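Worth saying up front: this structure is predicted, and the values here are computed from it rather than measured.
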Amino acid sequence: MRILLFGKNGQLGWELERTLAPLGEVHAYGSSSLDVADLKALERVINEVKPQVIVNASAYTAVDRAEEEVDLAMQVNAHAPAVMAESARKLNATLIHYSTDYVFDGAKNAAYAEDDSTNPLNVYGQSKLNGEQAIGQVGGAHVIFRTSWVYSLRGDGFVSKVLSWSRKQETLRIVTDQTGSPSWARMLAEVTLAVIAQSLPASQKYFSEKSGIYHLGGTGSVSRFDFVCAILRLDPKAGEQKTKSVEPALTADFPTPACRPLVTPLNCSRFESAFGLRLPGWEESLRLALEKP
């Protein structure tokens, strides 16, 4: 199988490049080798590789900066996925694309299902929603995995930031009014591998029958405050921590250019029913992530 992966240097893309390798050829591109905002270059690469599966882990994720860089956010998160979907359709290939809980406004105060109304509160969320809609309009074999609070122990993701803060600060102020479904990038990659593997040998037909949007996040939900407390508690090098207390705060205490949805846990029952798979509970995944960074 030939797999074309975009976004190989991101938290999820880095895991995907390594996890998908047993399936065959993985042609992986990062921002240094291909700017997906260059739609002509993007289309050229797809036509050169002629993949059976395109996995798109590339995204413009600078939520606050997107409020100013609207055109760039839309190009990467909406227009580029549309090109991928159209190219995949012409090649009779499958597109696997990742989206976000930020397509919702968080006002439901309960776990979101795929059919719940979308209402992004910021440019980033709108650009990701536009990408979903563009892929759906093109049609063809595709699955869109909406995920939530993706983290890894690489780079400057949230868990890494918390561990770094804990080595420097005696007090951490963490918001209590944001709730989500933390998702370890490695688990997302492993589930993606399992989904593709069980589609063989007729992947295009398999994914054509299952095309659509699925929620895929760590099982359960947790507040940002309790998530941080769990990170500190499960830290295998807790002896290096300088943090003595974690104090509650509100999102309003930390003004940002982009408004964030507050309560966006994901109901993943549709994914579990369709593919017979699920991510572990968010706390179990966090424990594994901290043990095996």
Side-chain angles (χ1 to χ4, degrees), residues 1 3 11-13 15-16 19-20 22-23 53-57 59 81 94-104 106 108-118 125 128-129 131-133 135-136 140-152 159 179-223 226-227 230 261 263-289 292:
M1 169 175 276
I3 298 172
Q11 293 187 113
L12 178 54
E15 300 287 355
L16 283 164
T19 301
L20 298 180
L23 290 173
V53 176
I54 298 171
V55 181
N56 181 34
T94 297
L95 172 62
I96 297 176
H97 175 77
Y98 302 90
S99 191
T100 175
D101 55 336
Y102 272 37
V103 299
F104 299 112
K108 183 181 178 182
N109 278 319
Y112 279 95
E114 291 84 350
D115 295 333
D116 285 327
S117 297
T118 53
K128 293 296 287 183
L129 178 59
E132 292 182 6
Q133 293 170 338
I135 292 170
H142 69 274
V143 289
I144 297 169
F145 294 144
R146 283 187 189 139
T147 190
S148 168
W149 292 16
V150 178
Y151 68 88
S152 75
V159 173
T179 301
S181 302
S183 307
W184 183 23
R186 188 170 302 171
M187 285 294 183
L188 292 172
E190 289 176 355
V191 167
T192 301
L193 167 68
V195 167
I196 297 174
Q198 70 186 19
S199 76
L200 299 173
S203 287
Q204 204 269 347
K205 180 177 184 294
Y206 178 88
F207 285 115
S208 292
E209 294 171 351
K210 295 182 182 293
S211 287
I213 297 172
Y214 298 90
H215 287 175
L216 179 59
T219 300
S221 63
V222 65
S223 71
D226 289 336
F227 187 41
V263 181
T264 57
L266 299 176
N267 179 332
C268 302
S269 58
R270 177 183 290 181
F271 174 85
E272 294 166 12
S273 176
F275 299 101
L277 299 164
R278 69 184 302 189
L279 292 184
W282 68 265
E283 188 165 354
E284 174 64 10
S285 291
L286 176 63
R287 183 184 65 77
L288 290 171
K292 302 176 182 180

Let me see the working for Arg186 and Leu288 under side chain to side chain contact (heavy atoms under 4.5 Å, CB included), right down to the final yes or no. CA-CA 10 Å; Arg186 188 170 302 171; Leu288 290 171; over 6 Å; no
Evaluate Phe207 against Val195 for side chain to side chain contact (heavy atoms under 4.5 Å, CB included), listing each step before the verdict. CA-CA 10 Å; Phe207 285 115; Val195 167; 3.5 Å; yes
Under the criterion side chain to side chain contact (heavy atoms under 4.5 Å, CB included), I'd like the reasoning laid out for Thr19 against Thr192: C-alpha separation, chi angles, the key distance, then a yes or no. CA-CA 9 Å; Thr19 301; Thr192 301; over 6 Å; no
Apply side chain to side chain contact (heavy atoms under 4.5 Å, CB included) to Tyr214 and Phe275, showing your working. CA-CA 10 Å; Tyr214 298 90; Phe275 299 101; 3.8 Å; yes
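The two residues Ser148 and Asp101 have their closest heavy-atom pair at OG-OD2, 3.3 Å. Summarising the geometry of Gly180 relative to Pro182, their closest heavy-atom pair is O-CD, 3.4 Å, with the distance given to 0.1 Å. The minimum heavy-atom distance between Met187 and Pro280, with the atom names listed, is CE-CG, 3.7 Å. Closest of all the heavy-atom pairs between Tyr98 and Asn56 is CD1-O, 3.2 Å.
One N or O on the side chain of His215 and one on the backbone of Tyr112 form a donor-acceptor pair closer than 3.5 Å. For Lys108 (side chain) and Ala111 (main-chain N/O), a donor-acceptor pair under 3.5 Å exists by modelled atom type. When atom types are taken as modelled, the side chain of Tyr151 and the backbone of Leu286 share a donor-acceptor pair closer than 3.5 angstrom. The main-chain N or O of Tyr102 is never found under 3.5 Å from a side-chain atom of Lys128 such that the two would form a donor-acceptor pair. Side-chain N or O atoms of Thr264 include none that pairs as donor or acceptor with a backbone N or O of Gly106 at under 3.5 Å. Between the side chain of Ser181 and the main chain of Leu266, a donor-acceptor pair closer than 3.5 Å is present. A donor-acceptor distance shorter than 3.5 angstrom exists from the side chain of Ser211 to the backbone of Gly140, with no hydrogens or angles considered.
In this structure, Phe271 and Phe145 have perpendicular ring planes: the angle between them is above 60°, well past the 30° mark.
Scanning for side chain to side chain contact (heavy atoms under 4.5 Å, CB included) contacts around Thr147 gives Val150, Ser183, Leu188, with sequence neighbours left out. Scored by the side chain to side chain contact (heavy atoms under 4.5 Å, CB included) test, Ser223 finds Thr179, Phe225, Asp226 as partners (sequence neighbours excluded).
Under the salt bridge (Lys or Arg N to Asp or Glu O under 4.0 Å) criterion, the residue pairs touching residues 266-275 are Glu114-Arg270, Asp115-Arg270, Glu272-Arg278, with sequence neighbours excluded.
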